[in-house]
Visitor: 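The following block contains the structure, expressed as structure tokens.
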Amino acid sequence: MEPRHRAAIPITVIAMLLGFMLTVQISSLTGKSSGSSTQDYLTTLTQANEQQQENDLLNTQIAQTKAQLATYQSSGDTVKERREALLKDQANAEAAAGIAPMSGAGLVITLSADQSLPGYSQNIKFFDPQIVLAYLVNLLYSQGAAGISIQGAAGEQQRLVTTSYIRDITQTTIGGESYFSSVEVDQLTIPAPFTIRAVGNASNMQAILTAEDFTQEMQNFGMDCIVTPSNSIKLAGYDGVMPGTYAKEVNTQ
Amino acid sequence: MATTKAKLASALTLVSIVLGFMVAVQYKESQSHSQLTQTYSLTDAKLKQLDDRLKTLQSVGQNEQKELAQARAQLSAYEKQAAGSDASLQMLQAQVTEDRILAGTTEVKGPGISITVTDGTPPAGASAQTIDEYVTHDWYMRDLINELFAAGAEAVDINNVRIVATSGIFCGGPVLWVNNNRIAAPFTVRAIGDAKYLKSALLMPGGEVERLRTLDNLTVSPIETEQSITMAAYTGTTTTSPAGSGS
């Protein structure tokens with residue numbers, strides 16, 4: 001009998017320890033499912049913050065529209081008064097569309113081929129202004145640029161609007177190397193060097209260019225890139241083709 | 001007998017040491033796990049409270065969308081009223097409408113096309129780098145939209161988010177951000193314009209659709225011609241004019 005009792009004790013202890021471990025393991029699994037409710041909480045919190053932001057933007061738009069309505073409601077019936085109300089409405093619509101000129105603080109970015117840069121002879125042929133300008137414009141808008149224009153060598157400036165596009169068109173050979181040196185922006189030919197003007201928060205826009213190492217990337221192509229903040233940038237208004245042939249305003253009233 | 005006892009004792013001792021070690025590791029791991037989740041110690045009540053807040057915000061948002069649509073419709077009616085039968089005022093009113101369509105701040109309707117782009121199917125067992133080559137990146141959408149506007153599109157949206165001048169399109173992990181809206185694949189791009197022209201521009205040899213399918217490895221639907229596409233207005237911030245202030 002005695003040896004059996006003696007063996008039973010350590011076996012019991014081992015069994016208790018195994019049970020304890022099993023308990024700890026099960027309770028940590030329960031902890032993992034509370035981790036998934038953490039995920040639900042974070043997802044819901046993100047959605048709530050995004051919805052709040054959207055509601056704030058909607059409120060701003062409602063206030064602006066009601067202010068325009070008030071213009072009409074307070075105007076008289078004469079042709080002159082009705083014209084004035086319509087002109088005020090048009091001023092807002094043109095500002096929103098990019099048809100009105102714009103001025104303010106922002107950044108001026110110039111891109112020009114530089115044969116003295118080490119990357120020029122090998123990489124200039126890979127410089128694609130359509131891709132680079134579209135990428136640059138996207139970066140600037142991400143930092144709240146309110147208006148952007150692209151200017152070419154001959155001084156022509158094209159303001160970017162909703163329907164704007166950028167396409168490579170012609171190549172130039174400099175120093176034995178060919179690269180796309182002209183783009184078409186909204187049916188306007190814009191030859192390099194390119195000057196991009198952006199009205200908005202200069203330090204935010206500069207920060208994203210630094211974060212993306214934009215200047216260095218351009219130099220690797222053999223393109224000199226100069227970024228200059230300015231307090232007085234002037235953007236021309238858009239004067240190209242207007243939509244309305246196919247897209248018609250929906251009247252819900 | 002003594003040898004058997006000694007062997008048994010040694011075995012039990014060894015097992016106990018190993019068990020003791022495992023218990024200690026297990027306990028320490030569960031302690032550090034509970035420290036990690038401590039910050040987010042959640043109850044069902046908290047989650048429900050947040051969920052209720054989200055539903056309230058969504059309901060408020062829907063009401064505000066309706067209010068904005070009503071205000072814009074009223075504005076359009078006032079404009080027509082102001083124009084009356086005067087030809088020059090009618091022309092002015094038409095210009096205001098065109099400006100709004102260009103700005104994207106009004107709901108529009110018209111014929112056009114739609115096309116859906118989604119991630120491609122990488123080969124089985126592909127590396128992470130290869131899988132990335134089959135993902136719909138932000139620049140593919142920007143290129144497609146650029147091509148549509150170059151082909152004369154007058155209005156474009158992506159997953160019902162209207163594209164305007166200041167729209168940025170960015171990758172945000174598994175989703176794209178457009179005008180501060182998160183959208184997920186598949187990405188349906190619609191364009192209002194001359195459907196025949198838009199379609200042929202995208203389908204030309206070496207064109208955008210061919211590039212997306214063959215070079216970018218994406219899955220691209222056939223282009224659908226639509227008789228009538230309705231696009232919601234952009235509801236983000238826009239530039240206003242001091243000359244246009246209401247008061």
Side-chain angles (χ1 to χ4, degrees), chain A residues 10 17 21 24 28 31 34-35 37-38 41 44 47-48 51-52 54-55 57-58 61-62 65-72 79 82-83 85-86 88-100 134 138 141-142 146 160-163 165 167 242-244 246-253, chain B residues 12 19 23 26-27 30 33 37 40 42 47 50-51 53-54 57-58 60-61 64 67-69 71-78 82 86 92 96-110 142 146 149-150 154-155 164-166 168 192-193 235-236 238-241 243-244 246:
Chain A
L17 284 172
M21 280 174 62
V24 168
S28 78
S34 77
S37 72
T38 303
Y41 184 88
T44 310
Q47 284 174 336
Q51 187 65 53
Q52 179 69 67
E54 193 182 316
N55 290 359
L57 288 173
L58 281 167
Q61 285 295 301
I62 289 168
T65 310
K66 284 187 170 173
Q68 286 175 264
L69 272 173
T71 306
Y72 285 103
V79 169
R82 285 187 281 144
R83 184 187 300 280
L86 277 167
K88 272 187 182 168
D89 203 357
Q90 187 184 40
N92 275 330
E94 285 186 343
I99 293 167
N138 198 57
Y141 281 136
S142 80
L160 299 185
V161 294
T162 295
T163 52
Y165 61 89
R167 299 202 86 208
M242 293 295 287
Y246 295 93
K248 304 290 184 193
E249 191 173 51
V250 172
N251 270 325
T252 54
Q253 233 185 19
Chain B
L12 280 173
L19 262 177
V23 166
Q26 183 80 10
Y27 191 68
S30 76
H33 181 267
T37 56
Y40 300 113
L42 296 167
L47 201 48
L50 183 62
D51 200 50
R53 183 181 159 227
L54 174 61
L57 284 170
Q58 283 170 337
V60 166
E64 285 177 348
E67 194 182 345
L68 182 59
R72 282 177 169 163
Q74 270 185 305
L75 184 61
S76 184
Y78 269 110
D86 186 293
L92 183 52
V96 175
T97 302
E98 275 182 0
D99 296 343
R100 268 207 297 273
I101 294 172
L102 182 62
T105 54
T106 187
E107 193 179 1
V108 291
K109 194 172 172 178
R142 286 201 299 272
N146 187 64
F149 283 129
E154 294 187 345
V164 295
T166 52
I192 294 177
T235 52
T238 56
T239 307
T240 52
S241 165

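Every chain is numbered from 1 and lettered A, B, ... according to where its sequence line falls, protein lines coming before strand lines.
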Visitor: Checking A:Ser142 now: which residues fulfil side chain to side chain contact (heavy atoms under 4.5 Å, CB included) with it, not counting sequence neighbours?
Guide: A:Ile208, B:Phe170

Visitor: Using a cut-off of under 4.5 Å on heavy-atom pairs, state which of B:Asp86, B:Thr106, B:Thr105, B:Leu50 scores highest against chain A.
Guide: B:Leu50

Visitor: Let me know if A:Ala96 has heavy atoms under 4.5 Å from chain B in its side chain, its backbone, both or neither.
Guide: both

Visitor: Quick check for you: to the nearest 0.5 Å, what is the distance between A:Thr65 atom OG1 and B:Glu67 atom CD?
Guide: 9.5 Å

Visitor: Check whether B:Asn146 gets within reach of chain A through its side chain, its backbone, both or neither, counting any heavy atom under 4.5 Å.
Guide: both

Visitor: Mind checking the CG-CD spacing from A:Leu69 to B:Gln74? Nearest 0.5 Å is all I need.
Guide: 5.0 Å

Visitor: Does any heavy atom of chain B fall under 4.5 Å from the side chain of A:Ala146, the backbone, both, or neither of them?
Guide: both

Visitor: Please give me the minimum heavy-atom distance between B:Ala150 and A:Arg167, naming the atom from each residue.
Guide: CB-CD, 3.7 Å

Visitor: Grab the two heavy atoms, one from A:Ala93 and one from B:Asp99, that are nearest each other, plus how far apart they are.
Guide: CB-CB, 3.6 Å

Visitor: In the structure I gave you, are the side-chain heavy atoms of B:Val108 and A:Tyr246 within less than 4.5 Å of one another anywhere?
Guide: no

Visitor: Please identify, among A:Leu86, A:Leu57, A:Asn138, A:Val161, the residue contributing the most non-hydrogen atom pairs under 4.5 Å to chain B.
Guide: A:Asn138

Visitor: Looking at A:Leu58 and B:Glu64, what are the two nearest heavy atoms and their distance?
Guide: CB-OE1, 3.6 Å

Visitor: Within a strict 4.5 Å, meaning less than it, do heavy atoms of the A:Lys66 and B:Leu75 side chains meet?
Guide: no

Visitor: Any idea which of A:Ala134, A:Ala85, A:Gly244 has the most non-hydrogen atom pairs under 4.5 angstrom with chain B?
Guide: A:Gly244

Visitor: Salt bridge between B:Arg72 and A:Glu249, side-chain N to carboxylate O under 4.0 Å?
Guide: no

Visitor: Contact between A:Gln52 and B:Arg53 at the side-chain level, heavy atoms closer than 4.5 Å - yes or no?
Guide: yes

Visitor: Carefully, step by step, assess B:Ile101 and A:Lys248 under the rule side-chain contact (heavy atoms from CB on, under 4.5 Å).
Guide: CA-CA 8 Å; B:Ile101 294 172; A:Lys248 304 290 184 193; 5.8 Å; no

Visitor: How close do B:Leu102 and A:Thr163 get, counting heavy atoms only, and between which atoms?
Guide: CD1-OG1, 3.6 Å

Visitor: Could you tell me whether a side-chain N or O of A:Asn55 sits under 3.5 Å from a main-chain N or O of B:Leu57, the two making a donor and an acceptor?
Guide: yes

Visitor: Any chance you could measure B:Leu92, atom CG, to A:Gln90, atom CD, to the nearest 0.5 Å?
Guide: 5.0 Å

Visitor: With a 4.5 angstrom heavy-atom cut-off, could you sort out which part of A:Ile99 is near chain B: side chain, backbone, both or neither?
Guide: side chain

Visitor: Looking only at heavy atoms, which two atoms of B:Ala82 and A:Tyr72 are closest? And how far apart?
Guide: CB-CE2, 3.8 Å

